[in-house]
Every structure is written in C-alpha cells, then in structure tokens.
Enquirer: 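One structure, as structure tokens, below. Some questions next.
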Amino acid sequence: MQTIVVNSQKGGSGKSTVCRVLAVEASRAGLSVYLIDLDRDGHTLTNWHQTREAEEPRRVELSIAGLGEGLKLLERQGADVVLIDTPPNSIHDMAEIFPLADLVLVPIKPTPDDFPAAAVTVANLKALRLPFLFVITQAIQNTNITAQAIAALSHHGPVAETLLVNRVVYPAAFTDGRTPQEVDQKGQAAREVGKLWLNIKACLHANMQEQRKAANG
C-alpha cells in the first residue's frame, strides 16, 4: 500500500483538488483507493465525496491520533493507495502525519505569496528525510510567472513535470462530486491529470527502489 499525504501550510493551494483528481484517476486505473480528510475546518474533500454518486474512491473517517492504526487496517483490507488531505497552518499535527507517508505532495500556486508557506513544509520534510514532490496548481499556461515558479522551486526539491492548469472544468466538475476526467474523458484537464498520476507513480517507484537499496546496504 502507498500512502500519499497532501500538505501545504497555506490555504487555497489546491490540496483538496489534488486529492480528488488523483484518487479518481487511481480508481479508474483499477486500484483500491481510500481518501482521508484530516482538514476538520475546511471539510472540502468530505463535502465533495458526500455529493458523489460513484462508490469509488472510498472515504474513511479517521482522527490524527488513530491514523497509524487506521492505515494498518486499510492495508490489511487490501487498499492500494491512500490519499490524505491535511489542514493548513498545522505544523504540530504534521509532525505526527508526515512519518506515515510514502510520499508527500506539496501543492503550490505559482505566486510569490505561496512560496513562504511551501518553504515551511519542505523544511520539515527535509528534517524528517521524507520524499516529497511539488505540484503546481492553478497554473496559467505560457506565462513567465509559472516558469519562474518552477525554476525557483526546483532549487528546493523535485517538481512534478505536469502542471494542473487553471481551468473552469475543475470547479464545475467538483460541484456535483465529480472530477474533470469524469466530465470529459478526452479533455485537456483529463490528459493533464493522467500525466500527473504517471509522474507520481514514477516517483513512488523510484522511492521504493531507493529504500530497497538502503535496506540491502
């Protein structure tokens, strides 16, 4: 089982968006996927899932205190992927959550206001020596600010090759519990989500290879 934690210390960075689209993409690929919403103030992921007609991906209610045991139970039940949405401004809580992750995704909008929050998250991840990946969200295509953001972030850690572009189809699909790839399977948003999932799978595979090498000395 692969546990993916999605975190940013700034609200509105796209955490819930990343969780939703990736969970659906992994489910569509035939994986057993579970969602956990730890953002008790926002409830964005929970509210979206409650309006959803499709059964997959599934969502489970867990507290931070019960997260470790809950993940063990999901693994025994055959879960392939667990995506965890987290609250912003919660460094204390993340100290308990981060060590449970196989990979941490750090969504970030390509704006100067979002960089300081990402730096806080990354400093904690590096201290824990946990693998992470920046995911650019709400990007404006072919703009200098997006290119500059990618260049700046690459000095601090790996950046996903695929961007989530600012498209109307994202909020439109979320309104009734769907995702862009379910609204238009051949649309641009569907293609970028599919590519992002491939980026993340490659990252997870590389991390597993590194862990095996370390275990074998």
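All residue numbers in this chain count up from 1 along the given sequence.
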Enquirer: If you define the side chain from C-beta out and look only at heavy atoms, does anything of L164 sit under 4.5 Å from V193?
Expert: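 When only atoms from C-beta onward are counted, V193 and L164 do touch, with a gap below 4.5 Å.
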Enquirer: When you compare the side chain of L22 with that of I4, does any pair of heavy atoms fall below 4.5 Å?
Expert: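 In short, these two side chains do not touch, never coming nearer than 4.5 Å.
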Enquirer: Mind listing the closest non-hydrogen atom pair of D176 and A173 along with its distance?
Expert: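 Where D176 meets A173 most closely, the heavy atoms are OD1-O, 2.9 Å.
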Enquirer: Between H49 (side chain only) and P57 (backbone N and O only), is there a donor and an acceptor less than 3.5 Å apart?
Expert: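 Yes; judged by distance alone, with no hydrogens or angles, the pair exists.
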Enquirer: Using 0.5 Å steps for rounding, measure from the CG atom of L31 to the CD atom of Q2.
Expert: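 L31 atom CG to Q2 atom CD measures 10.0 Å (nearest 0.5 Å).
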Enquirer: May I ask you to decide if P171's main-chain N or O and R167's side chain share a donor-acceptor pair within less than 3.5 Å?
Expert: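 Answer holds: no.
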Enquirer: So, do D184 and V169 sit near enough that their side-chain heavy atoms are less than 4.5 Å apart?
Expert: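 Heavy-atom side-chain distance check fails, nothing below 4.5 Å.
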Enquirer: To the closest 0.5 Å, what do you measure between CD1 (I36) and CG (L62)?
Expert: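 Spacing of CD1 (I36) from CG (L62) equals 4.5 Å.
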Enquirer: Applying side chain to side chain contact (heavy atoms under 4.5 Å, CB included), run through V82 and V33 and close with a yes or a no.
Expert: CA-CA 6 Å; V82 178; V33 183; over 6 Å; no
Enquirer: Minimum heavy-atom separation for A151 and S154, please, with both atom names.
Expert: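 Of all heavy-atom pairs spanning A151 and S154, the closest is O-OG, 2.6 Å.
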Enquirer: Do L45 and D39 come close enough that some side-chain heavy atom pair is under 4.5 Å?
Expert: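 Side chain of L45 against side chain of D39, heavy atoms only: no contact under 4.5 Å found.
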Enquirer: Looking at F174, I'd like to know if the NZ or CZ of R20 sits under 6.0 Å from its six-membered ring centre while staying within 45 degrees of the ring's axis.
Expert: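 Yes; both conditions hold, so R20 lies above the ring face of F174.
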Enquirer: Kindly indicate whether the side chain of L35, heavy atoms from C-beta on, has any atom under 4.5 Å from the side chain of C19.
Expert: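 They are in contact (side-chain heavy atoms under 4.5 Å apart), so the answer is yes.
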Enquirer: Does any N or O in the side chain of D114 come within less than 3.5 Å of the main-chain N or O of I108, such that one atom is a donor and the other an acceptor?
Expert: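 Not confirmed, D114 side chain does not pair with I108 backbone.
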Enquirer: Under the 3.5 angstrom rule, does the side chain of R28 hit a backbone N or O of V24 as a donor-acceptor pair?
Expert: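 Checking the backbone N and O of V24 against the side chain of R28, no donor-acceptor pair under 3.5 Å is found.
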Enquirer: How long is the gap from CZ on R52 to CD on E56, to the nearest 0.5 Å?
Expert: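 With rounding to 0.5 Å, CZ (R52) is 9.0 Å from CD (E56).
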Enquirer: Would L198 end up clustered with V159 when hydrophobic side chains under 4.5 Å apart are linked, directly or stepwise?
Expert: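 Different clusters: L198 never reaches V159 through Ile, Leu, Val, Met, Phe, Trp or Tyr contacts under 4.5 Å.
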Enquirer: Nearest 0.5 angstrom please: K15 NZ to N7 CG, how far?
Expert: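 Output value for this atom pair is 7.0 Å.
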Enquirer: Between the main-chain N or O of T17 and the side-chain N or O of W48, is there a donor-acceptor pair closer than 3.5 Å?
Expert: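 Checking the backbone N and O of T17 against the side chain of W48, no donor-acceptor pair under 3.5 Å is found.
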Enquirer: Counting only N and O atoms by type, is there a donor-acceptor contact under 3.5 Å from the side chain of R191 to the main-chain atoms of K186?
Expert: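 Yes.
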Enquirer: Might you confirm whether atom CD of E53 has over 12 heavy atoms from other residues, nucleotides or ligands at distances under 6.0 Å?
Expert: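 Check fails, neighbour count at 12 or below.
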Enquirer: Just distance, no hydrogens or angles: give the donor-acceptor pairs under 3.5 Å from side chains in residues 125-138, sequence neighbours left out.
Expert:
{"from": "K126", "atom 1": "NZ", "to": "H156", "atom 2": "O", "distance (Å)": "2.8"}
{"from": "T137", "atom 1": "OG1", "to": "S13", "atom 2": "O", "distance (Å)": "2.6"}

Enquirer: Once side-chain contact (heavy atoms from CB on, under 4.5 Å) is applied, do any residues pair with I64, and if so which ones, sequence neighbours excluded?
Expert: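 Here the qualifying residues are L38, D93, E96, I97.
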Enquirer: Report the residue from N47, D85, T46, D37 that forms a side chain to side chain donor-acceptor pair (under 3.5 Å) with S16.
Expert: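 Result: among N47, D85, T46, D37, D85 is the only option passing the side chain to side chain donor-acceptor pair (under 3.5 Å) with S16.
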Enquirer: Rounded to the nearest 0.5 Å, how far apart are CZ of R58 and OG of S27?
Expert: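 It is 9.5 Å, given to the nearest 0.5 Å.
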Enquirer: Following the transitive rule for hydrophobic clusters with a side-chain heavy-atom cut-off under 4.5 Å over Ile, Leu, Val, Met, Phe, Trp and Tyr, establish whether M1 and L67 coincide in one cluster.
Expert: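 Linked, M1 and L67 end up in one cluster.
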Enquirer: Heavy atoms, side chains only, cut-off 4.5 Å: are I140 and N166 in contact?
Expert: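 In contact.
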Enquirer: Would you say the side-chain atoms of T86 pair up with the backbone N or O of V6, donor to acceptor, closer than 3.5 Å?
Expert: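 Yes.
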Enquirer: Begin with the C-alpha distance, continue with both residues' side-chain angles, and end with the deciding distance and a verdict on salt bridge (charged side-chain N to carboxylate O under 4.0 Å, His left out) for E25 and K195.
Expert: CA-CA 10 Å; E25 191 67 20; K195 290 178 181 178; over 6 Å; no
Enquirer: Take V81 and W197, measure what side chain to side chain contact (heavy atoms under 4.5 Å, CB included) needs, and give me the verdict at the end.
Expert: CA-CA 12 Å; V81 178; W197 175 237; 4.2 Å; yes
Enquirer: Kindly compute the distance separating CD (Q148) from OG1 (T146), expressed to the nearest 0.5 Å.
Expert: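 One finds 9.0 Å between CD of Q148 and OG1 of T146.
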Enquirer: Is there a side chain to side chain contact (heavy atoms under 4.5 Å, CB included) between L196 and E161 once you walk through the steps?
Expert: CA-CA 7 Å; L196 178 60; E161 295 178 12; over 6 Å; no
Enquirer: Start with the C-alpha distance between L71 and E75, add both sets of side-chain angles, then the distance that settles side chain to side chain contact (heavy atoms under 4.5 Å, CB included), and finish with yes or no.
Expert: CA-CA 6 Å; L71 289 174; E75 185 168 23; over 6 Å; no
Enquirer: Kindly indicate whether the side chain of V165, heavy atoms from C-beta on, has any atom under 4.5 Å from the side chain of E192.
Expert: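 In short, these two side chains touch, coming nearer than 4.5 Å.
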Enquirer: Heavy atoms, side chains only, cut-off 4.5 Å: are P180 and V21 in contact?
Expert: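 Heavy-atom side-chain distance check passes, below 4.5 Å.
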